[in-house]
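Side-chain atoms are counted along with the backbone in the values below, which use heavy atoms only and exclude waters and symmetry mates. Nothing here was measured: the structure is a model prediction, and the numbers come from that model.
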Amino acid sequence: MSEPTEFRGRDGNRLAADVAGDPSDPPVVLLHGGGQTRHSWGTTLETLGTRGWRVYSVDLRGHGDSEWASDGDYTLDALSEDVLAISRTFATPPALVGASLGGISSLAAIGEHPDEQVARALVLVDVAPRIEEAGRDRIGAFMMERMESGFGSLDEVADAIQAYNPHRPRPTDLSGLQKNLRERDGRWYWHWDPAFISGRLGGRDETRSSLVDPDRLQAAARVLTIPTLLVRGRVSDLLSEEGAQEFLQLVPHARMVDVSGAGHMVAGDRNDLFNDAVVGFLDEVVGRVS
């Protein structure tokens with residue numbers, strides 16, 4: 001069973017987390033995508049925790065139960081330095097598993113600090129330096145659509161998610177959605193700071209545009225030397241096959257797994273296949289647990 005814990009980010013900001021597994025086992029940190037929470041990994045936390053890992057699933061700044069940035073700073077600098085702060089709390093470098101926003105934050109933290117071992121291994125989930133603008137814009141539109149007005153019921157939330165992810169079955173038990181929402185005055189709102197989208201200067205695209213800097217992320221990728229796995233959702237509209245292959249050229253020692261039937265939300269779409277890929281990779285590269 002998991003239990004709550006917390007970290008401190010770059011600015012001393014509180015980062016909420018759940019932890020599972022034996023404290024003596026090597027650490028793995030799960031970092032979710034933009035607009036998600038630490039609960040977005042399905043059974044991955046518990047699965048890794050039973051396979052010889054001390055696993056931490058963290059809410060990024062401004063997301064879930066973590067503190068909102070008082071200055072509205074959700075740039076890649078802030079997010080990647082939060083990852084760096086988390087890494088430095090461990091006696092041995094953790095493996096980092098990052099989906100989308102969590103992935104590029106991990107990539108920047110590792111690649112821009114080659115003088116220290118930030119991580120022992122890296123798993124990028126459906127993200128690379130080159131992403132598709134149409135997919136990025138679709139995510140942004142989904143996040144902004146009900147950002148201010150919220151939802152009148154959990155059924156409305158489920159309908160919105162179904163429209164965005166039509167290949168995923170609509171949940172019959174809606175109570176699980178509450179972990180990704182906050183209730184205020186009888187309405188439900190996404191569990192993240194609206195400033196994550198609006199940015200410090202008030203422009204709705206400011207933060208999202210500044211996060212994905214292909215040149216910066218390519219430079220970080222080129223200096224990767226640790227074991228690296230790229231997990232792509234085969235029907236993803238954010239990371240194309242071309243974008244994935246470009247990453248493999250930048251990081252020749254990296255491996256890639258295509259998860260059949262999964263879109264951008266790989267861990268949620270096909271949690272069983274995702275877990276198999278990540279557990280197998282981490283077991284092999286770190287020489288742990290059969």
Side-chain angles (χ1 to χ4, degrees), residues 30-36 40-41 75-76 79-80 83 95-112 114 119 121-143 163-168 205-271 273-278 280-282 285:
L30 306 177
L31 298 157
H32 62 77
Q36 299 177 358
S40 302
W41 294 97
T75 58
L76 184 56
L79 288 154
S80 65
V83 175
L96 297 179
V97 180
S100 198
L101 178 64
I104 61 173
S105 300
S106 299
L107 174 59
I110 297 166
E112 294 177 354
L122 173 65
V123 179
L124 293 176
V125 185
D126 212 61
V127 74
R130 171 184 168 183
I131 60 173
E132 301 303 309
E133 288 189 14
R136 182 198 67 185
D137 291 345
R138 193 170 78 92
I139 293 171
F142 172 72
M143 293 179 69
Y164 176 73
N165 270 332
H167 61 279
R168 185 188 293 190
D205 195 50
E206 173 203 339
T207 300
R208 285 190 298 117
S209 293
S210 67
L211 286 171
V212 185
D213 179 340
D215 291 340
R216 178 177 180 178
L217 294 175
Q218 286 169 3
R222 287 190 184 97
V223 300
L224 285 180
T225 58
I226 60 174
T228 302
L229 175 68
L230 176 62
V231 181
R232 175 178 175 264
R234 191 170 295 172
V235 294
S236 170
D237 61 353
L238 189 77
L239 178 60
S240 65
E241 176 67 21
E242 292 76 17
Q245 291 301 322
E246 179 184 277
F247 177 78
L248 295 178
Q249 291 174 6
L250 292 169
V251 191
H253 68 274
R255 308 179 194 177
M256 184 176 79
V257 173
D258 248 334
V259 178
S260 176
H264 180 55
M265 317 282 276
V266 184
D269 289 348
R270 292 302 307 271
N271 198 233
L273 297 180
F274 176 79
N275 287 346
D276 288 346
V278 172
F281 171 74
L282 292 177
V285 300

Under the rule for side-chain contact (heavy atoms from CB on, under 4.5 Å), what residues qualify as partners of Glu242, not counting sequence neighbours? Arg130, Ser240

Which atom pairs, donor and acceptor, lie under 3.5 Å between side-chain atoms of residues 220-230 and protein residues at least two apart or in another chain?
unit_1, atom_1, unit_2, atom_2, d
Thr228, OG1, Ile226, O, 2.9

Closest heavy-atom pair, Phe281 versus Arg255, reported as atoms and distance to 0.1 Å, is CD1-NH1, 4.3 Å

Can you name the closest pair of heavy atoms from Ala121 and Val285 and give their distance? CB-CG2, 4.2 Å

Can you list every salt bridge (Lys or Arg N to Asp or Glu O under 4.0 Å) pair that touches residues 99-112, not counting sequence neighbours? Glu112-Arg216

Between the CG atom in Asp126 and the CG atom in Leu239, the distance rounded to the nearest 0.5 Å is 5.0 Å

Closest heavy-atom pair and its distance - Ala108, Ser80: CB-CB, 3.8 Å

From CG (Asp258) to CG (Leu273), nearest 0.5 Å: 11.5 Å

Side chains of Leu217 and Val127: does their closest heavy-atom pair fall under 4.5 Å? no

Closest heavy-atom pair, Gly102 versus Ser106, reported as atoms and distance to 0.1 Å, is O-OG, 2.8 Å

Nearest-0.5 Å distance that lies between atom OG1 in Thr75 and atom CG in Asp213: 11.5 Å

Arg232 side-chain N/O to Met256 backbone N/O, donor-acceptor pair under 3.5 Å: no

Kindly give the heavy-atom pair with the smallest separation between Ser100 and Leu238, and that separation in Å. OG-CD2, 4.1 Å

Distance-only polar pair, side chains of Gln245 and Glu241, donor-acceptor under 3.5 Å: yes

Output the distance between atom CG (Leu107) and atom CG (Leu124), rounded to the nearest 0.5 Å. 6.0 Å

If every non-hydrogen atom of Gly98 is compared with every non-hydrogen atom of Trp41, which pair is closest and at what distance? C-CH2, 4.4 Å

Nearest 0.5 angstrom please: Leu31 CG to Leu79 CG, how far? 10.0 Å

